[in-house]
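In listed order, ligands and their atoms are each counted from 1.
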Amino acid sequence: MTARSIRLAVIGGDGIGPEVVAEAIKVMRATGLQLDQTDYDLGSARWLRTGEILPDSVLTELAGHDAILLGAVGDPSVPSSVLERGLLLRLRFEFDQYVNLRPVRLYPGVSSPLTDVRPEAVDMLVIREGTEGPYIEAGGIMRKGTAAEVATQESINTAFGVGRVARYALQRAAERPRRKLTLVHKSNVLAYAGDLWRRTVAGLAAEFTEVSTEYCHMDAAAVYFLTQPERFDVIVTDNMFGDILTALGAAVAGGIGLAASANINPERTAPSMFEPVHGSAPDIAGKQKADPTAAILSAAMLCEHIGLAEEAARIEQAVAEDLLERQGAWAARSTAETGDDIAEQVAG
Ligand code: IPM
Ligand code: MN
C-alpha cells in the first residue's frame, strides 16, 4: 500500500470509452492507490453541444496532472478526423508523447487466430513513433471536387524525432532478456525516410552493443506476425506502420479487447496518456458489453510509468489470472462484472 496520491485526468470520451475507463479506475483504486481524479468532458458530446474539441484552457489543466487515462474518441455523428486530429492526436503532439508503447503479448488461456501458437511465442513490445510521419498535417488539397483534384499527404521524418524514439527503443531492448530490436519500415520504396531510419538506428546501435538489431520491411513483418511471431522482441517503427502493425498484433494476441497502449513523454515534460487500442465501438456503447481488459492493462502501464511498479504488477497479474479463468468465455460477464472480478483479485 502506498500513501501517495495520483493526480489523474480522465477522458472517458466516446462510445464504450467511459464504461471501460470506469473499470480501469476501479481496479487502480483496488490496489490501495489514492486517486485525485478529474473527469474531463471531451469528445463527440461536447463537440455537438458547443463546437469545442480541446480548448486551450483544458489543455493547460491537463498539463498539471501526473497522467491521463483516455477511453476512446470518435463517433458516427462527427465527421471523420475532427476528433481524431483535434483531440487524440493533438494531445499526443502537444504533450510530446513521442513513444507510443504497445505490448503484443499472448496471455495463457487466450485464444489466438494463429493455430498451434504457444503464448511464449508472442511477446513483443512495439514502439511506434507518435509525433511525426504522415500523421503530421503536411500536404493539402487543390481543385477539390474537380476531376483535376490533387491531394498530397507528406510523411515528416526528422533526425531529432527518429533519433529520440530509436534511442528509447534500444534502451527498452537492452532491458529485456532477448535484447533484440527490429526496425520495421519500407526502405525499398520509401527510400528517403527509410534511409534516415536505417542510418539512425544503425548509428545508435553502436552505443548498445548488447542489443542485436535487424531490419524488416513492413510487408514482410505483416507476414511474420502471422507465421513467425517469435522472431520479434522489441520493434521500432514510424507512426503509420506502427498503427497498422499494432492492430495486427492485437488481433494475433487475442483481439483488440485486450490491447493496451501508452503514449509516453519519456522526459516527463508533460503528462503521458494511457488508452486501450480499441476504438469507441458505438454499436455496443452503453450496453455493458465491452471488455474492459485493454483499459485495465493500460492502467497498469500508467502505474508502471509513474513509478508504481508493484501496483502495475498486481494489476497485470490479476488480469492474467482472469484471462486464464475465463478461457475465452468473455461474453458471460458484463463490463462492470469483469472489472469487479479483476478488482477483487487485485485487492487480494
Ligand atoms: C490508434 C488509432 C488512432 C491512430 C486514430 C484514432 C487517430 O487508430 O490509436 O491506433 O491512428 O493513432
Ligand atoms: Mn489504430
Legend entry - Pair Asp36 + Arg7: basic N to acidic O under 4.0 Å: no

Legend entry - Residues Thr335 and Glu23: side-chain donor-acceptor under 3.5 angstrom: no

Inset, instruction - Give the residue, atom name and distance (to 0.1 Å) of the protein heavy atom nearest atom 5 (C) of ligand 1. - result: Leu88 CD2, 4.2 Å

Inset, instruction - Would you mind checking if Glu207 and Arg167 are paired as a salt bridge, meaning a charged N to carboxylate O distance below 4.0 Å? - result: yes

Inset, instruction - Give me the one residue out of Leu42, Leu54, Leu89, Val78 that meets side-chain contact (heavy atoms from CB on, under 4.5 Å) with Leu83. - result: Val78

Legend entry - Nearest-neighbour protein heavy atom for atom 11 (O) of ligand 1, which is reported as residue plus atom name and distance: Tyr135 OH, 2.5 Å

Inset, instruction - For atom 8 (O) of ligand 1, find the nearest protein heavy atom and state the residue, atom name and distance (0.1 Å precision). - result: Asp243 OD1, 3.3 Å

Inset, instruction - Indicate the ring-plane relationship of Tyr40 and His65, choosing parallel, tilted or perpendicular according to the 30° and 60° boundaries. - result: perpendicular

Inset, instruction - Kindly determine whether His185 and Phe241 satisfy ring pair (Phe, Tyr, Trp, His ring centres under 6.0 Å), including the steps that lead there. - result: CA-CA 7 Å; His185 208 280; Phe241 293 139; 5.2 Å; yes

Inset, instruction - Could you tell me whether some N/O pair between Arg102 and ligand 1 is separated by less than 3.5 angstrom? - result: yes

Legend entry - Closest Asp243 atom to the Mn ion (ligand 2) [N, O or S only]: OD1

Legend entry - Atoms of ligand 1, numbered as shown, that sit under 4.0 Å from any heavy atom of Arg92: 1 (C), 4 (C), 9 (O), 12 (O)

Inset, instruction - List the closest protein heavy-atom neighbour of atom 7 (C) of ligand 1: residue, atom name, distance to the nearest 0.1 Å. - result: Glu84 CB, 3.9 Å

Inset, instruction - Please confirm whether Arg128 comes under 4.0 Å of ligand 1, counting heavy atoms of the residue only. - result: yes

